[in-house]
Novice: 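One structure coming up, written as structure tokens, with questions to follow.
These numbers were taken from a predicted model, which means no experiment stands behind them. Every chain is numbered from 1, with letters handed out A, B, ... down the list of sequences.
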Amino acid sequence: MFHVLESRIQSAFSDYLKVRYGLDITVVTEQPKQSSFGEIALPIAFQLARELKKAPRVIAQEIIDGVGEIPGVGAMEIAGNGYINVRYDRGAYARMLLEGASHATAARAGKVIVEHTNINPNKAAHIGHLRNAVLGDTFCRLLRAAGYPVEVQNYIDNTGVQVADVVVAFHFLEKKSLDEVKALIAGPRFDYVCWDLYARISSYYKDDPESKKWRAETLHAIEAGHGELSDMGHLVADAIVECHLATMRRLDITYDVLPRESEILHLKFWAQAFEQLKERKAIYFETEGKNKGCWVMPGAAFNDDAEQEDSKVIVRSNGTVTYVGKDIAYQMWKFGLLGKDFFYRILKTYADGHQIWVSTTASDQTAPPFGSASQVFNVIDSRQSYLQDVVVAGLRQLGYNEQADKSIHFSYEMVALSPRTCVELGIELSEEDKKRPYVEVSGRKGLGVKADDLIDKLIETALKEVESRHPESPAEERREVAEQIARGALRYFLLKFTRNTVIAFDFQEALSFTGESGPYVQYAAMRPRKILSKLGERGEALPDFATVLTAEALNRQLIQEDFWQLLLAASKTGATVEKAVNSGEPAHVARYAFQLAQEFSNFYQAHPVLHEEDAEKRALLLWLTKFFGDQLDATLALLGIPSPRYM
RNA sequence: GCGCCCGUAGCUCAGCUGGAUAGAGCGUUUGGCUACGAACCAAAAGGUCGCAUGUUCGAAUCAUGCCGGGCGCACCA
């Protein structure tokens, strides 16, 4: 609601400036430094001072006098050297909130695709993958809240080197047959088995470089798509994808469609893209130098200043296509530029009816129309920004400038480990590493925190707390609450950092349920519900707010500053979502949730709602309680965090 | 060597489309459960915003240069 009034003020000002001074400028608004200055501050007079050659205060006065009445605005005043501070009409504003004035966000046209998770299906997910998935999933929720139709994709590289390596380990190292691998898949934690195996084969390659020929052989078989090695590749990849889906499900993360690399190959997506790239001279055949015999994209295409920047190989001299090439084809498909589509089948249907589709080479199932988006967000680690630049350059070279502009690398920094956590995990550190603020994880070495281990640990920690506080509750229910708290703790922990901050993962910090944490917010969100249910237990009903709390009554009550500030804070959800979507920063919403929780905890402490005797004030307190509870729950939902019924 | 990111309180981080007295959490010290549950609240201490120059009425925020740290720059993904 806050931003509705804010934009109303902005347009009133800009209309006036146009008429009065003939100026067409965008009016910026800010939050005043101190709440006592009002709700909105406009530094517009400073902006105009030079142009109009007048003192800012004089200009500010002219504007205030001229701009006239703005519905919902109570007063405007000049402050400091020429700030214009705007105060809302408290009663009118509260009344708008009370009536639930339609701030229903308008649906926006143009599908947005968000691609996230994208874990190589060859081992268990780790903490870094969780950051990717939680960021991507939360951003999807925010986009939907802002009115965008969203399609969630999780790309599966099921024919790549990493899958091949695990197949090599099973087949050549462990001499396992297909049936033996199937037995392992049926057993517990197949993704953990592969995690160790992947580390083993990686070090084996190092000790015995000759063994790399196994990889080449396996990769070739997988790409050709037949034979035992290929079958095993599919078996492993499909099983690991199931593990990943289950892990993500624990955090309430799901997908619409899983496009797989095997279909990109077999449905000849690349061949189609290759023709376009050649035809439009986006790539050329190199006849000399180190890249002789390859199709390459000139360095100038993706790097404007460096002349000596190396070209990027797209097709190798042996005729196979690189990952970047395949990614260009995939990116073209996302925008509907390829002239080809996958076939699809339903991979699974969840209890709530949500279906996950997966690409396939032939199908008689009718799938929703996937792809053909007008905007694409690729949630990918910042370490891959160079390659993402090449992909976008590919679109541009093909003449798809509009799509290139709408192709966004939603990058984030890695999750490393704090030295203390390394020690806990039994990872040996060099003296040099011990002094560093963080240590990078390595899948190849098998170093890292597995996602499921972390979630288990969080649940265990939460369960202890819940058990000590609610010994009388059924065990099953306590478990459910503990799971919700764990989910809240983890998602909040991963979201509270802005994207370009390296997270030095630390168990102690992640397991903390106090201070700026998910459980703190969940705890605060539980309190309004508790108050309202206590009211019911006393046999009292909620007053009819709409009749008791007239604009006059609200004005009387909201003179009290902390009530007004509280209400104001809780009305900024929409503004926060908008800001987070525009800046691509889910952390803004996480911080907002924490702020709301703080405000309410404060209120809770200061005003015993049910003990209030003055009827009008009591009605206000109850309404604030109700309103806050709803806003807290809604904000948590935006973050994918559940609100436990008790804690 | 080139490119991208980071440097703000003891620690971990917000704030960066320039704007009023630079903010949180943790930790430290102190106080608050006979209240709608203390996973809470209140208070205190704690800052050359890496350094320098510039632009500006005004810089943590923009520009340039330096210093320190991280990550990229494969016919791997």
Novice: Rounding to a whole Å, what distance do you find between A:I119:CD1 and B:rA77:C1'?
Specialist: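 Atom CD1 in A:I119 sits about 14 Å away from atom C1' in B:rA77.
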
Novice: Just how far, in rounded Å, is C1' of B:rA77 from NE2 of A:H129?
Specialist: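 Between C1' of B:rA77 and NE2 of A:H129: 12 Å.
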
Novice: Touch check for A:E440, heavy atoms < 4.0 angstrom, all strands: base, sugar-phosphate only, or nothing?
Specialist: sugar-phosphate

Novice: Please answer whether the main-chain N or O of A:G128 pairs with a side-chain N or O of A:H126 as donor and acceptor at a distance below 3.5 Å.
Specialist: yes

Novice: Backbone N or O of A:C294 within a donor-acceptor pair of the A:N291 side chain at under 3.5 Å?
Specialist: no

Novice: For B:rC41, does OP1 or OP2 lie under 4.0 Å from any side-chain N or O of A:R527?
Specialist: no

Novice: Need the pair for B:rC2. Rule: Watson-Crick or G-U wobble, both distances under 3.5 Å, any strand; none if unpaired.
Specialist: B:rG72

Novice: Please give the distance between the P atoms of B:rG15 and B:rU8 as a whole number of Å.
Specialist: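 These two P atoms come out 14 Å apart once rounded.
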
Novice: So what does A:V609 hit on the nucleic acid, given a heavy-atom distance under 4.0 Å: a base, only sugar-phosphate, or nothing?
Specialist: base

Novice: Show which side-chain atoms of residues 489-497 of chain A pair as donor or acceptor with protein atoms under 3.5 Å away, not counting sequence neighbours.
Specialist:
residue: A:R491; atom: NE; partner: A:L639; partner atom: O; Å: 2.8
residue: A:R491; atom: NH1; partner: A:D137; partner atom: OD2; Å: 3.0
residue: A:R491; atom: NH1; partner: A:L251; partner atom: O; Å: 2.7
residue: A:R491; atom: NH2; partner: A:D137; partner atom: OD2; Å: 2.7
residue: A:R491; atom: NH2; partner: A:T138; partner atom: OG1; Å: 2.9
residue: A:R491; atom: NH2; partner: A:L639; partner atom: O; Å: 3.2
residue: A:Y492; atom: OH; partner: A:E516; partner atom: OE2; Å: 3.1
residue: A:Y492; atom: OH; partner: A:A590; partner atom: O; Å: 3.1
residue: A:K496; atom: NZ; partner: A:E516; partner atom: O; Å: 3.2

Novice: OP1 or OP2 of B:rA77 sitting under 4.0 Å from any side-chain N/O of A:Y323?
Specialist: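 Checking B:rA77 against A:Y323, no side-chain N or O comes under 4.0 Å of OP1 or OP2.
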
Novice: Under 4.0 Å, heavy atoms only, any strand: does A:M414 hit a base, just the sugar-phosphate, or nothing?
Specialist: sugar-phosphate

Novice: Categorize A:K326 for me: base, sugar-phosphate, or nothing, with a 4.0 angstrom heavy-atom threshold over every strand shown.
Specialist: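 It contacts nothing in the nucleic acid.
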
Novice: Looking for any heavy atom pair under 4.0 Å, which part of the strands does A:R469 touch: base, sugar-phosphate only, or nothing?
Specialist: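 Result for A:R469 = base.
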
Novice: Quick check: on RNA chain B, is the nucleotide nearest A:F603 upstream (toward 5') of the one nearest A:S382, or the reverse? Name the residue that is more 5'.
Specialist: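 Final value for this comparison: A:F603.
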
Novice: At 4.0 Å (heavy atoms only), tell me whether A:L387 reaches a base, stays on the sugar-phosphate, or touches nothing.
Specialist: base

Novice: Which pairs would a plain distance check flag for residues 212-220 of chain A, meaning a side-chain donor or acceptor within less than 3.5 Å of a matching protein atom at least two apart in sequence or in another chain?
Specialist:
residue: A:R215; atom: NE; partner: A:D165; partner atom: OD1; Å: 2.9
residue: A:R215; atom: NH2; partner: A:D165; partner atom: OD2; Å: 3.0
residue: A:T218; atom: OG1; partner: A:W214; partner atom: O; Å: 2.7

Novice: Take atom P in B:rU21 and the same atom in B:rU29, then report the distance between them in whole Å.
Specialist: 34 Å

Novice: Between the protein and nucleotides 24-33 of chain B, which nitrogen or oxygen pairs come in under 3.5 angstrom?
Specialist:
residue: B:rG25; atom: OP1; partner: A:Q598; partner atom: NE2; Å: 3.2
residue: B:rG25; atom: O2'; partner: A:E516; partner atom: N; Å: 3.3

Novice: Do A:Y604 and the base of B:rC40 stack face to face, with centres under 5.5 Å apart and an angle between planes under 30°?
Specialist: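 The ring of A:Y604 is not stacked on B:rC40.
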
Novice: Within the stacking criterion (centroid distance below 5.5 Å, interplanar angle below 30°), does A:F37 stack on B:rA20?
Specialist: yes

Novice: Looking at every strand, decide which applies to A:N85 at a 4.0 Å heavy-atom threshold: base, sugar-phosphate, or nothing.
Specialist: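 Base contact.
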
Novice: What distance, rounded to whole Å, do you find between the two P atoms, one in B:rU48 and one in B:rC11?
Specialist: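 The answer is 12 Å between these two P atoms.
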
Novice: Could you check A:Y520 against A:F513 for side chain to side chain contact (heavy atoms under 4.5 Å, CB included), going step by step and ending with a plain yes or no?
Specialist: CA-CA 6 Å; A:Y520 174 92; A:F513 293 169; over 6 Å; no

Novice: Would you indicate what A:E465 reaches in the nucleic acid, counting non-hydrogen atoms under 4.0 angstrom: base, sugar-phosphate, or nothing?
Specialist: base

Novice: Could you tell me how far B:rU61 sits from B:rA9 if I compare only their P atoms? Round to whole Å.
Specialist: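 Here B:rA9 and B:rU61 have their P atoms 15 Å from each other.
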
Novice: By ring-ring contact (aromatic ring centres under 6.0 Å, His included), which residues pair with A:H244, not counting sequence neighbours?
Specialist: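 Residues passing ring-ring contact (aromatic ring centres under 6.0 Å, His included) with A:H244: none at all.
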
Novice: When you measure from the side-chain N and O atoms of A:N318 to the phosphate of B:rC75, is any distance below 4.0 Å, counting only OP1 and OP2?
Specialist: no

Novice: How long is the line joining OH of A:Y412 and P of B:rC5, in whole Å?
Specialist: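 Distance, rounded to whole Å: 18 Å.
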
Novice: Which comes earlier along RNA chain B counting from the 5' end, the contact point of A:E30 or that of A:R538, where each point is its nearest nucleotide?
Specialist: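 In this pair, the answer is A:E30.
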
Novice: With sugar-phosphate meaning primed atoms plus P, OP1 and OP2, does A:H607 contact a base, only sugar-phosphate, or nothing at under 4.0 Å between heavy atoms?
Specialist: base

Novice: Tell me which nucleotide, if any, is Watson-Crick or G-U wobble paired with B:rU17 when both distances must be under 3.5 Å.
Specialist: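 In the structure as shown, B:rU17 has no Watson-Crick or wobble partner.
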
Novice: Rounded off to whole Å, could you give me the NE2-to-P distance for the A:H588 and B:rC13 pair?
Specialist: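 Rounding to the nearest Å, NE2 of A:H588 and P of B:rC13 are 17 Å apart.
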
Novice: Between C1' on B:rG15 and CG on A:N500, what's the gap in Å once rounded to a whole number?
Specialist: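 Going from A:N500 (CG) to B:rG15 (C1'), I get 13 Å.
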
Novice: Check A:R131 with A:D381, please: is the shortest side-chain N to carboxylate O separation under 4.0 Å?
Specialist: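 Not counted as a salt bridge, because no side-chain N and carboxylate O are separated by less than 4.0 Å.
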
Novice: OP1 or OP2 of B:rC40 sitting under 4.0 Å from any side-chain N/O of A:N602?
Specialist: no

Novice: For A:S317, which contact category applies under a 4.0 Å heavy-atom criterion: base, sugar-phosphate, or nothing?
Specialist: base

Novice: Using a heavy-atom cut-off of under 4.0 Å over every strand shown, decide if A:A41 touches base, sugar-phosphate, or nothing.
Specialist: base

Novice: Carefully, step by step, assess A:F410 and A:H116 under the rule ring-ring contact (aromatic ring centres under 6.0 Å, His included).
Specialist: CA-CA 9 Å; A:F410 196 89; A:H116 68 78; 9.8 Å; no

Novice: Is it true that A:K326 and A:E261 make a salt bridge, defined as a side-chain N closer than 4.0 Å to a carboxylate O?
Specialist: yes

Novice: Between A:Y604 and A:E599, do the side chains contain an N or O donor and an N or O acceptor separated by less than 3.5 Å?
Specialist: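 There is no such pair between these side chains.
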
Novice: Return the pairing partner of B:rG54 with a 3.5 Å limit on both distances, Watson-Crick or G-U wobble; otherwise return none.
Specialist: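 Per the H-bond distance test, B:rC62.
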
Novice: According to side-chain hydrogen bond (donor to acceptor under 3.5 Å, both in side chains), who are the partners of A:S418, at least two apart in sequence or on a separate chain?
Specialist: A:T421, A:D506

Novice: Looking at residues 478-495 of chain A, who's got a heavy atom less than 4.0 Å off RNA chain B?
Specialist: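 Heavy-atom contacts with RNA chain B come from A:I485.
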
Novice: Expressed as a whole number of Å, how far does the C1' atom of B:rC41 sit from that of B:rG47?
Specialist: 26 Å

Novice: Expressed as a whole number of Å, how far does the P atom of B:rC49 sit from that of B:rA22?
Specialist: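 Comparing P positions in B:rC49 and B:rA22 gives a spacing of 11 Å.
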
Novice: For B:rG69 versus B:rG25, give the span between their P atoms, rounded off to a whole number of Å.
Specialist: 32 Å

Novice: Answer yes when A:R260 and A:E263 have at least one side-chain N-carboxylate O distance shorter than 4.0 Å, and no when they do not.
Specialist: yes

Novice: Which one is paired to B:rA44, where only Watson-Crick or G-U wobble pairs with both distances under 3.5 angstrom count?
Specialist: B:rU28

Novice: Counting only side-chain N and O atoms of A:T501, is one of them less than 4.0 Å from OP1 or OP2 of B:rA14?
Specialist: yes

Novice: Base, sugar-phosphate, or nothing: which does A:Y520 touch, judged by heavy atoms less than 4.0 Å apart?
Specialist: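 If one applies the 4.0 Å heavy-atom cut-off, A:Y520 turns out to touch the sugar-phosphate alone, with no base involved.
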
Novice: Check whether the side chains of A:E223 and A:T159 place a donor and an acceptor atom closer than 3.5 Å, and report yes or no.
Specialist: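 There is no such pair (donor and acceptor under 3.5 Å, judged by atom type) between the side chains of A:E223 and A:T159.
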
Novice: Answer with base, sugar-phosphate or nothing: what part of the nucleic acid does A:V439 contact at a heavy-atom distance below 4.0 Å?
Specialist: nothing

Novice: Which value, in whole Å, describes the distance between the P atoms of nucleotides B:rG27 and B:rU56?
Specialist: 47 Å

Novice: Applying the Watson-Crick and G-U wobble criteria at under 3.5 Å, what pairs with B:rA9? Answer none if nothing qualifies.
Specialist: none

